[in-house]
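A quick write-up on the structure given underneath.
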Amino acid sequence: MLADATLPAADGGLLRRNLVIAGGRIAAISEQPPGAGLPVAHLGGAMVWPAMADIHTHLDKGFIWDRTPNPDGTFMGALQAVNQDREAYWSVEDVRRRMTFALRCAHAHGTQAVRTHLDTMGAHGHTVWPLIREMQAQWAGRIALQAVSLAMPQSYAGEEGERIAREVAATPGACLGAVLMHDNATPEHLERLFALAEKFGCGLDLHVDENNVRGGTALQAVAEMVMRRRFSLPVLCGHCCSLSVQDAPRQKEIVQSVADAGMGIVSLPMCNLYLQDRQPGRTPLWRGVSMVHELHAAGVPVMFASDNTRDPFYAYGDLDMAEVFSQAVRIAHLDHPFGGWWQSVSVTPARWMGLDTTLRAGNPADLVIFEARDMNQLVTRPAAPRTVIRHGRVLDARVPAYTELEQPAP
């Protein structure tokens, strides 16, 4: 039994409870004191969360900063650096090694599910999908791994689009994805993408409006396409940065369209704070995050995720969802009160990925025990020691050392 634990409630309340664990599952959650004969771990009010879920990452790009940094920290600089690194280094073995490193980080931090976008272009686009299926099998029982095809919308034209969709459909839990902006989310591109998704039975997970362009958004075009086609599969839109710079009437209209379409939103606050509004010698004036409060108030499922990790798009990060939550609270003002925002890095993305991780009797005992006794302490010290429990047992795993990624220059 985990005695005297602090459990976060869906409404943001904190409950002092005892958790009985048996057979790798939560057998009971009770206010009653420990019964005789049960082994007891006294937590003294330490906070217990369900295992976390990271629904938007880029594992094939991750951890290349040391060999190919972004010289100026801009979006264009990141694109150029990643293209250079992909051409120079991305063998199957290189990608496998870095993806394994990333998953070990996530696992040690207490993450149970990860969805990664995969650059689906060139030679890498042909080799990465068999690799991700191999990784899914290798990590089964530790991390539920899902994948998304990352491509420009024009890549889905003709036979190439069919080929990509077949690869995605052959991969458990995978989605079709695209990079959509105000100028390429044309009716023709969206019709083709949605038609392939319907034909192959794949949900959509889209990069949308990762910019600060005023006067038009891809987000509304996607929402309108969902409703026009009565698209019934899940549609998740990531970034959605430019929503915050539209005029107020348009913002309200777009938020309502997203809610009416039943779409989900994932905000990537650390990466977008790093990339957006970056100009040499000038202090950034814009945070780059989407309108998460307004979307949440409209009933839209809102999530936060790691996005890029130690690569040209984001120089930092460790696939630690406690850090993501802590930074999201600061950047997007998810406090006073904290409410149920803790679910945005745990229960909500897990549910979107097909997993039920709510803290209730009968669910697997996949938990994270933080030293913190309340949300303020957790947000203040997200890197404090924690205990990860998987299948009812304490996980003996540590984050790997960066030296494991060192390799001779070509």
Counting neighbours of CD on E93 that are heavy atoms of other residues, nucleotides or ligands and sit closer than 6.0 Å, is the number greater than 12?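 Yes, CD of E93 has more than 12 neighbouring heavy atoms, counting only those of other groups under 6.0 Å.
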R282 CZ: over 12 foreign heavy atoms closer than 6.0 Å: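 Counting neighbours around CZ of R282, more than 12 heavy atoms of other residues, nucleotides or ligands fall under 6.0 Å, so yes.
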Just by distance, with hydrogens left out, do R330 and S326 show a side-chain donor and acceptor under 3.5 Å apart?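 R330 vs S326: donor-acceptor pair found between side chains.
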Side chains of T309 and Y316: is there a donor and an acceptor less than 3.5 Å apart?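 No pair is found: no donor N or O on one side chain lies under 3.5 Å from an acceptor on the other.
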Quick check: [Y] with [X] (ring centres under 6.0 Å apart)?
X: H333; Y: W341; answer: no
X: H239; Y: H56; answer: yes
X: W49; Y: F370; answer: yes

List the atom of [X], the atom of [Y], and the distance in Å for their closest heavy-atom pair.
X: A298; Y: V255; value: CB-CG1, 3.7 Å
X: A221; Y: A185; value: CB-O, 4.1 Å
X: D66; Y: R310; value: OD1-NH2, 2.9 Å

Salt bridge (Lys or Arg N to Asp or Glu O under 4.0 Å) with E404: of R104, R398, R97, only one passes, and it is R104
Electrostatic pair [X]-[Y], nearest N-O below 4.0 angstrom:
X: R96; Y: D60; answer: no
X: R351; Y: D356; answer: no
X: D366; Y: R390; answer: yes
X: E198; Y: R229; answer: yes

Which of parallel (below 30°), tilted (30 to 60°) and perpendicular (above 60°) describes F101 and Y402?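 Parallel: the ring planes of F101 and Y402 meet at under 30°.
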Decide yes or no on side chain to side chain donor-acceptor pair (under 3.5 Å) for N18 and E31, but give the supporting numbers first. CA-CA 6 Å; N18 303 301; E31 296 182 67; over 6 Å; no
Applying the side chain to side chain contact (heavy atoms under 4.5 Å, CB included) criterion to P349, which one of I55, L355, D54 satisfies it?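 Going through the options one by one, the only one that passes is I55.
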Partner of T57 under side chain to side chain contact (heavy atoms under 4.5 Å, CB included), picked from D307, N308, L319, is L319
CA sep, side-chain torsions, deciding dist, call: F313, F75, ring pair (Phe, Tyr, Trp, His ring centres under 6.0 Å): CA-CA 7 Å; F313 284 92; F75 192 92; 5.6 Å; yes
Decide side chain to side chain donor-acceptor pair (under 3.5 Å) for T74 and R278; before the verdict, give the C-alpha distance in whole Å, the side-chain angles of both, and the deciding distance to 0.1 Å. CA-CA 6 Å; T74 65; R278 182 184 285 269; over 6 Å; no
